Amino acid sequence: MNKKILIQKGDITKFDGDAIVNAANRSLLGGGGVDGAIHRAAGTLLLEECKTLNGCKTGEAKITKGYDLEAKYVIHTVGPIYSGKDTDKIFLESCYKNSLNLARENDIHTIAFPAISTGVYGYPKEEAVPIAFDMVIKWLEENKDYNMEVTFMCFNDEIYRLFMTMNLGGRSGRRGQGK
Ligand code: APR
């Protein structure tokens with residue numbers, strides 16, 4: 001199953017697959033972080049299309065064209081602002097699940113995710129990465145009939161190392177730590 005998951009270091013705006021996922025906010029009208037980078041790279045037509053979507057709820061996902069990006073589509077999802085409550089995990093899992101379901105509905109077969117909520121939204125990276133990784137594994141197992149390749153595009157070393165640890169089966173060690 002892991003062969004369908006790739007872990008790379010780099011800038012998601014350069015991903016040349018079918019779709020990239022944007023860690024947006026509920027307005028869908030742009031922002032900083034990866035949201036800002038995607039809007040800058042896609043051009044102003046992306047914002048014009050986003051304005052027609054009437055925002056997006058936390059945990060949900062909406063799709064637009066990619067415009068000047070390499071990728072054909074952008075799937076915008078809104079991660080939870082970290083609060084320490086149990087709902088954080090539920091919303092973060094929903095971001096990955098709903099983005100992948102929307103990708104399947106649009107015949108997307110190669111998709112790249114940033115580490116949603118681990119920047120401005122303050123989700124501790126060592127918690128967010130296993131949630132992301134496990135949800136993608138679960139989705140791929142539940143959608144064996146659909147050819148999907150998922151890339152985690154890591155913008156910094158810390159995130160990259162955390163995902164690489166997961167890919168090497170590191171979570172079993174983690175679970176040993178009572179998490
Ligand atoms: N490519 C890949 N990953 C990136 C890039 C990039 N070009 N730029 C930033 N990242 C990474 C960050 O290092 C972090 O690991 O994306 C992850 C998510 O960080 P943020 O972009 O800050 O997103 P998030 O924490 O979900 O906060 C969302 O920030 O930018 C605003 O409008 C956005 O209000 C929303 C909030």
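Bear in mind that the values here come from a model prediction, so they are computed numbers and not experimental data. In listed order, ligands and their atoms are each counted from 1. The analysis underlying the following values was restricted to heavy atoms, covering all of them including side chains, and did not include hydrogens, waters or symmetry mates.
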Engineer: Indicate the ring-plane relationship of Tyr146 and His109, choosing parallel, tilted or perpendicular according to the 30° and 60° boundaries.
Structural biologist: parallel
Engineer: Taking atom 15 (O) of ligand 1 as the point of reference, which of Val120, Thr118, Asn156 owns the nearest heavy atom?
Structural biologist: Thr118
Engineer: Which of the atoms of ligand 1 are close to Gly33, meaning less than 4.0 Å from one of its heavy atoms?
Structural biologist: 21 (O), 30 (O)
Engineer: Tell me the protein heavy atom at minimum distance from atom 7 (N) of ligand 1, and give that distance in Å.
Structural biologist: Asp11 OD1, 3.0 Å
Engineer: Could you name the option among Asn22, Asn25, Ile12 that has the heavy atom nearest to atom 2 (C) of ligand 1?
Structural biologist: Ile12
Engineer: About how many Å separate NE2 of His76 and NZ of Lys62, when rounded to the nearest 0.5 Å?
Structural biologist: 10.5 Å
Engineer: Any protein heavy atom at under 4.0 Å, with atom 17 (C) of ligand 1 as the reference point?
Structural biologist: yes
Engineer: For ligand 1, which atoms have a heavy atom of Asp35 less than 4.0 angstrom away?
Structural biologist: 30 (O), 32 (O), 33 (C)
Engineer: Suppose I only count heavy atoms of Ala23 and a 4.0 Å limit; which atoms of ligand 1 are within that range?
Structural biologist: 23 (O), 26 (O), 28 (C), 33 (C)
Engineer: Closer than 4.0 angstrom: is that true for some heavy atom of Ser117 and an atom of ligand 1?
Structural biologist: yes
Engineer: To which of Phe152, Phe155, Phe113 does the heavy atom nearest atom 8 (N) of ligand 1 belong?
Structural biologist: Phe155
Engineer: Which distance, rounded to the nearest 0.5 Å, do you find between the CD1 of Ile108 and the CD1 of Ile75?
Structural biologist: 4.0 Å
Engineer: Tell me whether Arg104 is salt-bridged to Asp145, with the criterion being a basic N under 4.0 Å from an acidic carboxylate O.
Structural biologist: yes
Engineer: What do we get for Ile38 next to ligand 1 when only non-hydrogen atoms under 4.0 Å count, side chain, backbone, both or neither?
Structural biologist: neither
Engineer: Can you hop from Met135 to Tyr123 via hydrophobic side chains spaced under 4.5 Å?
Structural biologist: yes
Engineer: With a 4.0 Å cut-off on heavy atoms, is Thr13 in contact with ligand 1?
Structural biologist: no
Engineer: For Gly119 and ligand 1, does the shortest N/O to N/O distance drop below 3.5 Å?
Structural biologist: yes
